[in-house]
Enquirer: 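After the structure tokens below, expect a handful of questions from me.
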Amino acid sequence: MASQRKQYPFSDFEPKWQQRWAESGAYRTPNPGDEGFDPGKPKYYVLDMFPYPSGAGLHVGHPEGYTATDILARHHRMRGFNVLHPMGWDAFGLPAEQYAVKTGQHPAVTTAHNVGQFKTQLQRIGFSYDWSREVNTTSPDYVRWTQWIFLQIYNSWFNPATNRAEPISTYTGSDPDSVRLAYVAEMPVNWCPELGTVLANEEVVDGKSEVGGFPVERRPMRQWMLRITAFAERLLSGLDGLDWPESIKLLQRNWIGRSNGAFVDFTPEGGDKITVYTTRPDTLFGATYMVLAPEHPLVARITSADQRTAVEEYVKSVASKSERDRQDASKEKTGVFTGAFAINPVNGERIPVWIADYVLTGYGTGAIMAVPAHDDRDHAFALKFGLPIIQVVQPPSPVEGCFTGDGIAVNSGILDGLSTAEAKDKITAWLEERGVGRGAVQFKLRDWLFSRQRYWGEPFPIVWENGSHRAIPEGELPVRLPDLDDFKPTGTAEPPLSKAEDWVRYSDTARRELNTMPQWAGSCWYYLRFCDPNNAERFIGRDAAAYWLGDGSQKSGGVDLYVGGTEHAVLHLLYSRFWHMVLHDLGHLPTPEPFQRLVNQGIILGTDGQKMSKSRGNVVNPDEVIDDYGADAFRLYEMFMGPLEQMKPWSMKGVEGVYRFLARVWRLAMHEDQEGRWQLSDAVADIPPTPTQLRVLHATIKKVTDDLSTLSFNTAISQMMICVNELTAAERRPVAGLRTLLILLSPFAPHIAEELWEHLGRKFPGFEKGAHAQPWPVHDDSLLMDNEVEIVLQINGKVREKLTVPKDASCEQLEAAARAHDKFSAHLAGKETIKVVAVPGKLVNFVVKG
RNA sequence: GCCGGCGUGGCGAAAUGGCAGACGCAACGGACUUAAAAUCCGUUGGGAGGAAACUCCCGUGCGGGUUCAAGUCCCGCCGCCGGCACCA
């Protein structure tokens, strides 16, 4: 293909238009207060998930969503919106740092190089980004505000009375550090001594490091945490108002994991109370033993002398397991009896207390009552260790084994005969009356471990003095990374920043925080900076925020459309919502939610139907596609493949298909002379379209417009193909029809639309400005339908004949026409007609017998 | 295990409960050409019958159901993909 002659000169005019757009600032979007800003226009903020600029460059998966948003951005401009359509770089992160360690190049150098490469590639596709708003999470100007936002979080607390984040100054307790939204805690992490670094859970396989296979141990380390759990309820309820795919909302709901239940106090013999959390207080009478997490603080105190050795050994063996190992539910349960007994508050029963690692220390109270008859895990544990099983819920219909559903309480004293829901209410009230329990809500969501022992990330704007931390003054932001030559892991638990001794020394008595922020930090708020990227006074100006995010009075707040992959369904999208909520509470943002509408694009597979990967060798490079077929064909194919949200394989033949389509568009207007030069075709004439052409044109206006509103790009393109096929068949082409077609095509294939517009404008009037600057056309309903429509005549739902009738024929007229149809009425002969169903404009169905 | 999503020609896919397969790819036939490529025109779900115009039957993962009418709605399975995975 590469050596083959091009079907239309895309390689000449595509770069030309890209250059013109860049030079004229065609897609610069003014802000409120800027010259050229029109406050009368509605706003449309359409955003892509900005990429991590890896060394591998762009692959065809990136531009899928980017093309969709670009088409919508262009379409909205033509419909009179002020469109915010920006792009930037999520440039901190592990791969850059690891590559830097390997090659000895500073990550700032490799990152800058990769950003350049990505930007060149994106610009070749003809995206209408406002590049004057480009942001880079690693630039000092950006880091400054990331750190500033961290300080907002650090300097606030969650007031349960108002259910909001408030400045820490409104906290009246004695220890503000204990309630800050950013706090320090000892947390167990995966520490790999051999690699000298902490690893994420995903980087640990079977208790060994994924890289190198070295042993990994869990060790408590001092970590920065963000108190996202305080917002669990609001993060959950806020989902209801968002136009997101239900599947994504469900993922977040499951991640937040709200459950309704009760705390219940059990009393060990001669000890403090042990509080458990349960979602099934109605099964309290079936509790036959208790289990504490091995790390539970009471374990040591209640363990009997003769069980002490066994318990200590068990606790030790559990401690050496990785989180992942420990949470492997498929494994057989393990545990040890503590030798202690506790009293069940509802019936005074004396039940044994065990420890087992199937009880997690971080959820609920780290202790449970075990009801083996009605909980799968307790059931398995009881069977293994021979503990008693008492049924207290009668299933609606008999079931084998363990029954975990709702039923009728039995063997449960005061609860007998009640439904599960009634029993829960009654026993919870009973517990509360006696002061031995209370209703409670729990969440699976954990606080966000926010620090990393890495070099390539935002430094914390925090210093330590005399064992306590404090914020550095805002005026000192940004805290820049020290320019280390050696940013390798230290080999100890010290982060690499510890090597920058001068930097670490903040004053004679104070030293800087050595951890850096995780990669999520920068991406938590980039959509805000895009609104006002050069503001030196604030992270986002108030006017810019009010305009681009909305003033909070309308439902659609924040980003109007956010397109990206499902892989960010939970973490990025939850973290962003959390930060946004805090900033909103503190009065910095007008809206409570960042992304009103979210759409996930599907993954593009290789031509072999497999996930694209370097190792499979099936990665498609956009540059090569554009070399051979041009940017317009590339864009069009990305959208023509199938529904945006669907997973679909790449096909070079498919690219050729849309390429041929664009060549047909080209030849509608252009003709190649003897010397191989393209001239405006003589077939284009200032004549009125035929009625058929007019009908197809208006059907195309309607279909493309409707399909853009539902993001059905593939069917919009199909309709334009139908339109082009219709116009190609005509010997003389009405210029008005071409004009409309080019306007409709211009968001999809902007270069060719603009080029043809220019050519036509040299001969015909009505081609001023450019295709992209035209108002979006409106279809005329009266032109859509012929006066006659073809309907089908059915017998018992099967099509027998077809018939052309006036489009507004009534049911009675349809039935009469059907009966008058010779061949069709022959089918009816000798049969009894039971019923006739007539649908105007569609069909007549005779239900017959015999 | 639990929770989602998806199963339609040789392939990518269309189809407010109303003619299944629009549009594109591939394939085949024709026109143009010395020839090929490109282009243009046409055929193309499967099967049976007919010389032919044409006629009939089957068909949206499988099995049931609702309906005059089901790819679409309901019930029960199977397969693939994704997420969560001892959260009491």
Side-chain angles (χ1 to χ4, degrees), chain A residues 4-7 245-251 253-255 257-259 261 276-280 283 291 293 324 326-331 333 356-360 362-371 374-378 380-381 404 442-446 566-567 569-570 602-603 605 609 611 636-637 640-643 645-658 660-661 663-664 667 672 703 712 714-725 728-729 790-802 834-839 841-848:
Chain A
Q4 200 178 295
R5 211 177 55 79
K6 294 177 170 58
Q7 289 195 25
E246 277 308 315
S247 58
I248 298 294
K249 289 192 191 181
L250 195 64
L251 286 177
R253 288 194 183 106
N254 291 345
W255 187 264
R258 185 186 199 275
S259 77
V276 303
Y277 175 69
T278 177
T279 55
R280 293 294 302 268
T283 62
V291 186
R324 172 164 293 204
R326 200 178 144 169
Q327 292 192 354
D328 185 358
S330 60
K331 272 191 345 209
K333 303 251 178 304
D357 67 354
Y358 82 89
V359 173
L360 307 174
Y363 183 77
T365 60
I368 63 159
M369 65 174 199
V371 184
H374 304 293
D375 181 281
D376 288 324
R377 298 148 302 184
D378 297 344
F381 192 83
T404 58
Q442 291 288 297
F443 295 92
K444 287 204 285 188
L445 185 70
R446 308 295 163 83
T566 337
E567 66 272 22
V570 176
I603 296 171
L605 305 170
K611 220 171 191 168
L636 214 58
Y637 178 64
F640 187 63
M641 294 172 80
E645 289 163 272
Q646 190 172 304
M647 183 188 295
K648 43 210 179 283
W650 187 268
S651 155
M652 279 304 173
K653 288 290 187 188
V655 183
E656 278 189 52
V658 293
R660 277 203 281 266
F661 161 69
R664 282 159 73 87
R667 288 194 306 270
E672 195 172 19
K703 179 83 175 146
S712 306
N714 54 332
T715 49
I717 294 166
S718 294
Q719 181 63 38
M720 287 191 278
M721 286 173 168
I722 291 170
C723 184
V724 168
N725 290 346
T728 298
E790 191 184 58
I791 63 161
V792 287
L793 307 180
Q794 297 180 328
I795 292 177
N796 289 342
K798 287 186 179 171
V799 179
R800 292 300 165 181
E801 299 295 336
K802 295 182 181 181
I834 298 165
K835 186 176 176 181
V836 179
V837 181
V839 183
K842 297 278 186 187
L843 54 73
V844 184
N845 186 20
F846 283 72
V847 185
V848 303

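We name chains A, B, ... by the order of the sequence lines, and we start the count at 1 in each one. All values derive from a computational prediction rather than experimental measurement.
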Enquirer: Which base, if any, makes a Watson-Crick or G-U wobble pair with A22(B), both distances under 3.5 Å?
Expert: none
Enquirer: Counting just side-chain N and O atoms, does Tyr363(A) come under 4.0 Å of either OP1 or OP2 of A88(B)?
Expert: yes
Enquirer: For A14(B), does OP1 or OP2 lie under 4.0 Å from any side-chain N or O of Asn714(A)?
Expert: yes
Enquirer: Students often mix this up, so state it plainly: with edges at 30° and 60°, are the rings of Trp650(A) and Tyr637(A) parallel, tilted or perpendicular?
Expert: perpendicular
Enquirer: Using a cut-off of strictly less than 4.0 Å, decide whether Arg667(A) has a side-chain nitrogen or oxygen near OP1 or OP2 of C40(B).
Expert: yes
Enquirer: Checking only heavy atoms, does the side chain of Lys835(A) share a donor-acceptor pair with the base of C68(B) at less than 3.5 Å?
Expert: no
Enquirer: Verify the contact: side-chain N or O of Gln794(A) to OP1 or OP2 of G18(B), cut-off strictly under 4.0 Å; return yes or no.
Expert: no
Enquirer: Strictly by Watson-Crick or wobble contacts shorter than 3.5 Å, is anything paired with C84(B), and which nucleotide is it?
Expert: G1(B)
Enquirer: Does NZ or CZ of Lys333(A) fall inside the cone over Tyr358(A)'s six-membered ring, less than 6.0 Å from its centre and within 45° of the axis?
Expert: yes
Enquirer: Indicate, with a heavy-atom threshold strictly under 4.0 Å, whether Glu790(A) touches base, sugar-phosphate, or nothing.
Expert: base
Enquirer: Can you tell me the pairing partner of U55(B) across any strand shown, Watson-Crick or G-U wobble, with both distances under 3.5 angstrom?
Expert: A48(B)
Enquirer: Is there a Watson-Crick or G-U wobble partner for A69(B) with both distances under 3.5 Å, and if so, which one is it?
Expert: none
Enquirer: Pick base, sugar-phosphate or nothing for Met647(A), based on heavy-atom distances below 4.0 Å to the nucleic acid.
Expert: sugar-phosphate
Enquirer: Which one, G12(B), A22(B), A88(B), comes nearest to the side chain of Phe640(A)?
Expert: G12(B)
Enquirer: Is any N or O donor-acceptor pair between the side chain of Lys333(A) and the base of C86(B) shorter than 3.5 Å?
Expert: yes
Enquirer: According to a strict under-4.0 Å criterion, is Asn725(A) in side-chain N/O contact with OP1 or OP2 of G24(B)?
Expert: yes
Enquirer: Across all strands shown, which nucleotide pairs with A37(B) by Watson-Crick or G-U wobble geometry, both distances under 3.5 Å?
Expert: none
Enquirer: Heavy-atom distance under 4.5 Å between the side chains of Leu793(A) and Val799(A), does that happen here?
Expert: no
Enquirer: Val792(A) near the nucleic acid: base, sugar-phosphate alone, or nothing, with a heavy-atom cut-off under 4.0 Å?
Expert: base
Enquirer: Quick one: are Gln794(A) and Arg800(A) in side-chain contact, heavy atoms under 4.5 Å?
Expert: no
Enquirer: With both distances under 3.5 Å as the test, what is the Watson-Crick or G-U wobble partner of G79(B)?
Expert: C6(B)
Enquirer: Name the pairing partner of U43(B), where a pair is Watson-Crick or G-U wobble with both distances under 3.5 Å, or state none.
Expert: A27(B)
Enquirer: So what does Arg253(A) touch, heavy atoms closer than 4.0 Å: a base, only the sugar-phosphate, or nothing?
Expert: nothing
Enquirer: On RNA chain B, compare the nucleotides closest to Lys648(A) and Val839(A); which residue's is nearer the 5' end?
Expert: Lys648(A)
Enquirer: Scan Lys798(A) against the nucleic acid and name what it touches under 4.0 Å (heavy atoms): base, sugar-phosphate only, or nothing.
Expert: sugar-phosphate
